[in-house]
Amino acid sequence: MVKVRFAPSPTGFLHIGGLRTALYNYLFAKKLGGSMVLRIEDTDQNRLVEGAIEGLINSMNWVGIHHDEGPFINNDKIDQRGEKGPYIQSQRLLIYKKYIERLIENGWAYYCFCSKDRLEELREEQKAKGEFSKYDGHCRELSKKEVEEKINKGLEYVIRLKLPQNRIVEFDDIIRGHIKVNTEDLDDQVLIKSDGYPTYHFAVVVDDHLMGITHIIRGEEWLPSTPKHVLLYEGFGWESPKYVHLPNILNQDGKKLSKRHGDVAVEDFIKKGYLPEALVNYIALLGWSPGKDEEILSMEELIELFDLERVNKSGAVFDVNKLKWMNGHYIRGATTERITQLSIPYLLDSGYITKEDIENRYDWIEMMVESLKDKISILSEIPERAELFFKDEIIFENQECEKILQGEQIPILVEALKEKIASTKDLNPQAARDIFKEIQKEKGIKGKNLFMPVRIMLTGQMQGPDLMKIITVLGKESILNRLDNLKK
Ligand code: GLU
């Protein structure tokens, strides 16, 4: 059975790239009826960020990527579930200790006592000669006795991978095909650091094996590390999982996407008011194509269509405008009820509504959101769009507006409108339509000469939400105020 893992380091927020890795793992596992592990790779204790594990899990939950084993959040606490745990690497140190001993016995790893100064000198020398910087094997052949003596003396050490010399390492990558690397181009990688913690390379191999991972789906930046991992599997006598290295996500200039180019963390997108289904849909298409024209795909459809064979080798460009467009599409398709709920925090924040309004005039808020829903691409645009309902003082967006309101028939239109609005009991979209019909019949003002001036009088803008909805949301008092202000 297929088993995959998403193995983030808790060094900050979940980024778009990490989200895509998690998503592809999830889609692949779900499609094949497999399972997914979430493993926290926190062996670099200097880079830990408080709250990052919780943040990662919350972001995954928000988009709907559900792992089967690993840490979960239960009553605000981290709770691990699954038979292969713990799933947080810093809690697995005894396991690594046991396995590194095995590797030393097999002759695949060795103690290295070289000081930082010596290593620094070596690096400088190699640099001066224009050589690839790697460990020179100084401690490779120390005898067991020598090692014991040095340890007893209290010398600091690391444990390194003992690479076979001048050997071709080969492996297959499902996207990139057959890959060959000579061990001369690799380094005797540190496996256990002087603080006793394993490095990523060692922990990842031990854990993937012990957790029964069948497919490793991860970012392309890990491709150069894979030959070392393949050798570690050989050293242990374990079967290597299958490898898949996903293409980089690039910004519009073709450089690797990073914080400098704007929002990259899932939390930023949540704050801006993206819908989870839009983010998932868009991210799924960053480096993979469904093999048909349809771009709007639900999680279920993505699971059904997903196929590693259709993942690209070359980088995928992150286009925030395309994401916005897709989000707008999902907002338009969502129920007004849901969009109202999601918009309320933004409206509260902007001060346009209060908590009391939510209790006393929820229907009105919903009506307002309904009128704006088709006009926004992200929820954080709601306050800016809603502004027109809260300012009875009209500011014309351009001179054209003023010109239109200088038309001959305008005074007649204003008077007729005032009279009809004032005498209408229940101002709703149908009543608004009827008012326009009557004015048309009675005053002979038609089409563009009728609707555009009214829109401008009420909003100061030539475009915007449906006019009948605007009238309904504004209500009598506000409309009459606005028409009165106009004269001054
Ligand atoms: N901990 C690594 C990361 O943060 C995981 C790499 C892997 O998936 O092997 O990306």
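This is a predicted model, so every value here is computed, not measured. Whatever order the structure lists ligands and atoms in, that order sets their numbers, starting from 1.
Protein residues having at least one heavy atom under 4.0 Å from any atom of ligand 1 are Arg5, Ala7, Ser9, Glu41, Tyr200, Val204, Arg218, Trp222, listed by chain and number.
Judged as a salt bridge (charged side-chain N to carboxylate O under 4.0 Å, His left out), and not counting sequence neighbours, Arg332 has no contacts.
Partner of Ile358 under the side-chain contact (heavy atoms from CB on, under 4.5 Å) criterion, out of Ile365, Leu347, Thr340: Ile365 alone.
Between Asp68 and Lys3 there is no salt bridge, since none of the side-chain N atoms of the basic residue sits less than 4.0 Å from a carboxylate O of the acidic one. Looking at Glu41 and Arg218, no side-chain N of the basic residue comes within less than 4.0 Å of a carboxylate O on the acidic one, giving no salt bridge. For the pair Glu381 and Lys375, the salt-bridge criterion is not met [side-chain N within less than 4.0 Å of a carboxylate O].
Contact of the Asn281 side chain with the Glu301 side chain is not registered, since no non-hydrogen atoms from C-beta on lie closer than 4.5 Å.
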